[in-house]
Engineer: 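Okay, here's the structure, questions in a sec.
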Amino acid sequence: MAVPDQKPGFHFRPDRNWINDPCGPMYFNGVYHLFYQYNPNGTVHAIDTWGHAVSKDLVYWDVLPPALLADQYYDNTGVHDGSAFMTDNGPMIVYESGYANTSAGSSPDNVGNYQMTMNLAWPSNLSDPYLTNWTKASYNPIVRTATMPAGFLGGSDPSEAWRDPQGNYQFVFGAEQENRSSAAVIFRSPDLVNWQFGGVLTFENDTLQRHYICTEFYQLQGRYVFTAFPNWTVGSYDADTSVFTPQFQGQYDSGDAVCSKSFADGNLARRVAFIWLPEADSAAFYVKRNWAGAMTLPRVLSLDSGNNLVANPIPELASLRQNRSFFEAIRLEASNSSFRLPGVSGDQLEIATYVHNWTQAALAGVRVRVSQDSDEETIVYLSTTPKSPFSASFGLDRSRASLNDPVGNFAPAALYPVDPIELRIFVDHSVIEIYVNGGVYRMSGRVYPSLDDSIFIETFAKGLPEQASVTFENLSVWTMSSIWS
């Protein structure tokens, strides 16, 4: 069976091989850096290195050789997740790894079969604009399982470090405890060399059950944000007692996206996040394609008036727009109706519209990657349940996305039913990203159409009562150019 490539054209990923979590994105001396988990030798997950790419604008990227390899005893299981942060002497990376005590002399201790480690690295040459080479601290590991307090079994995913009121550097990471519960633990240092356990980040009056993966902790618009993917929490933080009081909570992304990593963009005074988009089809297919994994579009993070974490694609991506098609109003009146956009097709697109009166329909939305005879289609839908109490949601129906290897659907996401509702959809071959109401709600998914003509777009409405209609206003479709030469 032929396997269409479906490689994204304007989402970041190297040309071949496996990637997963974004790591340590940062801006330094006029250059953006993105690191990511990378297997340079194949299309399956293996011992991680840190892939490295650089950009002047977060749109177009140059892929460099891996920045960090698993070449020391304390990281011989792979250079896992980590973050970048700024010091008085330039950028620094903190990353998680580990080593196995499987043979004599494999490590300087003998404390069990596996030791989690936290480690530091910094640029070997700050005058190199691309920071191509990195030096690992001679005093690594700065943290390992054996030096953690009793009751902790290890940890993962260190956040970027920040300064406490006394000037100490500190970072937080998710740690597993002997009772199998999770905690967010703090380690701090006055000099970036000697690190001590700083306690547990305490969540005051918190009802959210957490598994602390891909942890982040940062300030945004005067508040503090803690993420343990897929959940975000906005609240207040007492730096003297390490107590975080959650006030608002939500989900980072409602689809396939896994593990976010964000950074303070000192160039434009904003916070920008990447999230890994894993493959959703079977390994037999992506191994044949010789690539696996992509990143979401870089997203600007902000808080709205209700203190919801909002995420929107960076505005610089508008530079990729070409060949706009515009429809002032598409009105659907029949109980079950659809409209194929004339003269518009493609598999690298941005679609934006406002949907009026959608709450009168059981389902309404936009079909993308539709084949000529509709044998394949991917459906972005808005859904309502008229029963008491009334409820509304949005979702991505992939059940007919491919004749080759259909992928499963995930649960729809609840939303507040404002009317009109704003829909913004990015189609990039196998990647679909959906932003609703200015980025208050997000969903990302992977699809793998098998037909060459799965390139059409339709609006649709189902379950309309008599005399009712749904209108798609100011519907724009742009062809998006590639970020690769």
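These figures come from a predicted structure and were not determined experimentally.
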Engineer: Once ring pair (Phe, Tyr, Trp, His ring centres under 6.0 Å) is applied, do any residues pair with Tyr252, and if so which ones, sequence neighbours excluded?
Structural biologist: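 Counting only residues at least two positions away or on another chain, Tyr252 forms a ring pair (Phe, Tyr, Trp, His ring centres under 6.0 Å) with Phe229.
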Engineer: What do you reckon, are the aromatic ring centroids of Phe197 and Phe187 less than 6.0 Å apart?
Structural biologist: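 Yes, ring centres under 6.0 Å apart.
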Engineer: With sequence neighbours excluded, tell me which residues meet side chain to side chain contact (heavy atoms under 4.5 Å, CB included) with Asn41.
Structural biologist: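 With sequence neighbours excluded, Asn41 shows a side chain to side chain contact (heavy atoms under 4.5 Å, CB included) to Asn39, given in chain and number order.
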Engineer: Would Thr215 and Asp157 count as having a side-chain donor-acceptor pair, cut-off 3.5 Å?
Structural biologist: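 Distance-only check fails for Thr215 and Asp157.
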Engineer: Please determine, by modelled atom types, if Tyr435 and Arg299 share a side-chain donor-acceptor pair under 3.5 angstrom.
Structural biologist: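 There is such a pair (donor and acceptor under 3.5 Å, judged by atom type) between the side chains of Tyr435 and Arg299.
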Engineer: Do you know which of Phe85, Trp134, Trp122 makes side-chain contact (heavy atoms from CB on, under 4.5 Å) with Ile93?
Structural biologist: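 Only one option passes, and that is Trp134.
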Engineer: Between Arg398 and Asp281, does at least one N-O distance fall below 4.0 Å, as a salt bridge requires?
Structural biologist: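 Here Arg398 does not pair with Asp281 in a salt bridge, since their nearest N and O are not under 4.0 Å apart.
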Engineer: For the residue pair Arg324 / Ser476, report whether a side-chain donor-acceptor contact shorter than 3.5 Å exists.
Structural biologist: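 A pair is found: one side chain offers a donor N or O, the other an acceptor, under 3.5 Å apart.
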Engineer: Between the side chains of Asn20 and Trp18, is a donor N or O closer than 3.5 angstrom to an acceptor N or O?
Structural biologist: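 Side-chain D/A pair, Asn20 to Trp18: present.
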Engineer: Can you tell me if Asn17 uses its side chain to pair, donor with acceptor, with the backbone of Pro40 under 3.5 Å?
Structural biologist: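 Yes, the answer is positive, given that a donor and an acceptor are paired below the 3.5 Å cut-off.
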Engineer: Can you pull the disulfide bond (SG atoms under 2.5 Å apart) pairs that have at least one residue in residues 243-315, sequence neighbours excluded?
Structural biologist: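 Those involving residues 243-315 are Cys214-Cys259.
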Engineer: Quick one: does Ser430's side chain have a donor or acceptor within less than 3.5 Å of a partner on Gln6's backbone?
Structural biologist: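 Confirmed, Ser430 side chain pairs with Gln6 backbone.
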Engineer: Side chain of Asp238, backbone of Thr241: donor and acceptor closer than 3.5 Å?
Structural biologist: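 Indeed, once roles are kept as given, a pair shorter than 3.5 Å links the two residues.
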Engineer: Under the salt bridge (charged side-chain N to carboxylate O under 4.0 Å, His left out) definition, can you give me all pairs with a residue in residues 34-58, not counting sequence neighbours?
Structural biologist: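 Residue pairs passing salt bridge (charged side-chain N to carboxylate O under 4.0 Å, His left out), neighbours aside: none found.
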Engineer: Are any of the side-chain nitrogens in Arg442 or Glu433 under 4.0 Å away from the carboxylate oxygens of its partner?
Structural biologist: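 Looking at Arg442 and Glu433, the cut-off is not met.
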Engineer: Among all residues two or more places apart in sequence or in another chain, which pass the ring pair (Phe, Tyr, Trp, His ring centres under 6.0 Å) test with Tyr27?
Structural biologist: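 Tyr27 satisfies ring pair (Phe, Tyr, Trp, His ring centres under 6.0 Å) with Tyr32 only.
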Engineer: Mind checking what makes side chain to side chain contact (heavy atoms under 4.5 Å, CB included) contact with Asn308, not counting sequence neighbours?
Structural biologist: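 Expected list: Trp232, Asp304.
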Engineer: Residues in side chain to side chain contact (heavy atoms under 4.5 Å, CB included) with Val54, at least two apart?
Structural biologist: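 Side chain to side chain contact (heavy atoms under 4.5 Å, CB included) check on Val54 returns Val31, His33, His52, Asp62, Leu64, Tyr130.
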Engineer: Are Val272 and Phe263 side-chain neighbours, meaning at least one heavy-atom pair lies under 4.5 Å?
Structural biologist: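 Sidechains of Phe263 and Val272: in contact.
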Engineer: Is Glu176 reaching over with its side chain to a backbone N or O of Gly155, donor-acceptor style, under 3.5 angstrom?
Structural biologist: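 The answer is no, because no donor-acceptor pair under 3.5 Å joins these two groups.
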Engineer: With sequence neighbours left out, write down each residue that passes side chain to side chain contact (heavy atoms under 4.5 Å, CB included) with Ile47, or none if nothing qualifies.
Structural biologist: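 Ala70.
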Engineer: Taking only residues two or more places apart in sequence or in another chain, which ones pass side-chain hydrogen bond (donor to acceptor under 3.5 Å, both in side chains) with Lys136?
Structural biologist: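 With sequence neighbours excluded, Lys136 shows a side-chain hydrogen bond (donor to acceptor under 3.5 Å, both in side chains) to Asp71, Asp75, given in chain and number order.
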Engineer: Do the two ring centres, one from Phe326 and one from Trp478, sit under 6.0 Å apart?
Structural biologist: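 No, the ring centres sit 6.0 Å or more apart.
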Engineer: Taking CD in Gln196 as the centre, count heavy atoms belonging to other residues, nucleotides or ligands within less than 6.0 Å. Is the count above 12?
Structural biologist: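 Open: at most 12 neighbouring heavy atoms sit under 6.0 Å from CD of Gln196.
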Engineer: With a sphere of 6.0 Å drawn around OH of Tyr416, does it hold more than 12 non-hydrogen atoms of other residues, nucleotides or ligands?
Structural biologist: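 Not more than 12 within 6.0 Å, no.
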Engineer: Can you see whether Tyr218 has Arg271 sitting over its ring - NZ or CZ less than 6.0 Å from the centre and within 45° of the normal?
Structural biologist: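 Yes, a cation-pi geometry holds between Arg271 and Tyr218.
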Engineer: For the pair Asp256 (side chain) and Arg446 (backbone), establish whether a donor and an acceptor sit closer than 3.5 Å, ignoring hydrogens and angles.
Structural biologist: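 The answer is yes, because a donor-acceptor pair under 3.5 Å joins these two groups.
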Engineer: Test: disulfide bond (SG atoms under 2.5 Å apart). Region: residues 26-91. Which pairs qualify, not counting sequence neighbours?
Structural biologist: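 Pairs touching residues 26-91 that pass the test: none.
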Engineer: Among pairs that include at least one residue of residues 9-33, which meet salt bridge (charged side-chain N to carboxylate O under 4.0 Å, His left out), considering only residues two or more places apart or in two chains?
Structural biologist: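 For residues 9-33, and leaving out neighbouring residues, the salt bridge (charged side-chain N to carboxylate O under 4.0 Å, His left out) pairs sorted by first residue read Lys7-Asp15.
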Engineer: Please check if the distance between the ring centroids of Phe217 and Tyr224 is under 6.0 Å.
Structural biologist: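 Centroid distance Phe217-Tyr224: below 6.0 Å, so yes.
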Engineer: Between the side chains of Tyr448 and Glu279, is a donor N or O closer than 3.5 angstrom to an acceptor N or O?
Structural biologist: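 Yes, side-chain donor-acceptor contact under 3.5 Å.
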Engineer: Go through the steps for Met148 and Met116 under the test side-chain contact (heavy atoms from CB on, under 4.5 Å), then give the verdict.
Structural biologist: CA-CA 10 Å; Met148 292 183 69; Met116 174 279 302; 3.4 Å; yes
Engineer: Measuring centre to centre across the rings, with the benzene-like ring taken for any Trp, is Phe274 within less than 6.0 Å of Tyr36?
Structural biologist: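 Phe274 vs Tyr36: aromatic centres not under 6.0 Å.
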Engineer: Within the side chain of Gln348, is there an N or O that forms a donor-acceptor pair under 3.5 Å with the backbone of Met480?
Structural biologist: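 Yes: the side chain of Gln348 pairs with the backbone of Met480.
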Engineer: Output all residues satisfying salt bridge (charged side-chain N to carboxylate O under 4.0 Å, His left out) with Glu216, sequence neighbours left out; order by chain, then residue number.
Structural biologist: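 Per chain and number, Glu216 pairs via salt bridge (charged side-chain N to carboxylate O under 4.0 Å, His left out) with no residue.
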Engineer: Report yes if the distance between the aromatic ring centroids of Phe203 and Phe226 is under 6.0 Å, otherwise no.
Structural biologist: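 Yes, they do, as the ring centres are separated by less than 6.0 Å.
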Engineer: Hey, are Arg163 and Gln170 close enough side-chain-wise for a donor-acceptor pair under 3.5 Å?
Structural biologist: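 Not at all, the side chains of Gln170 and Arg163 share no donor-acceptor pair under 3.5 Å.
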Engineer: Mark yes or no for whether Ser97, through its side chain, and Thr117, through its backbone, hold a donor-acceptor pair below 3.5 Å.
Structural biologist: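 Judged by distance alone, no pair lies under 3.5 Å.
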Engineer: Decide whether Ser444 and Thr296 meet the rule of one side-chain donor and one side-chain acceptor closer than 3.5 Å.
Structural biologist: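 There is no such pair (donor and acceptor under 3.5 Å, judged by atom type) between the side chains of Ser444 and Thr296.
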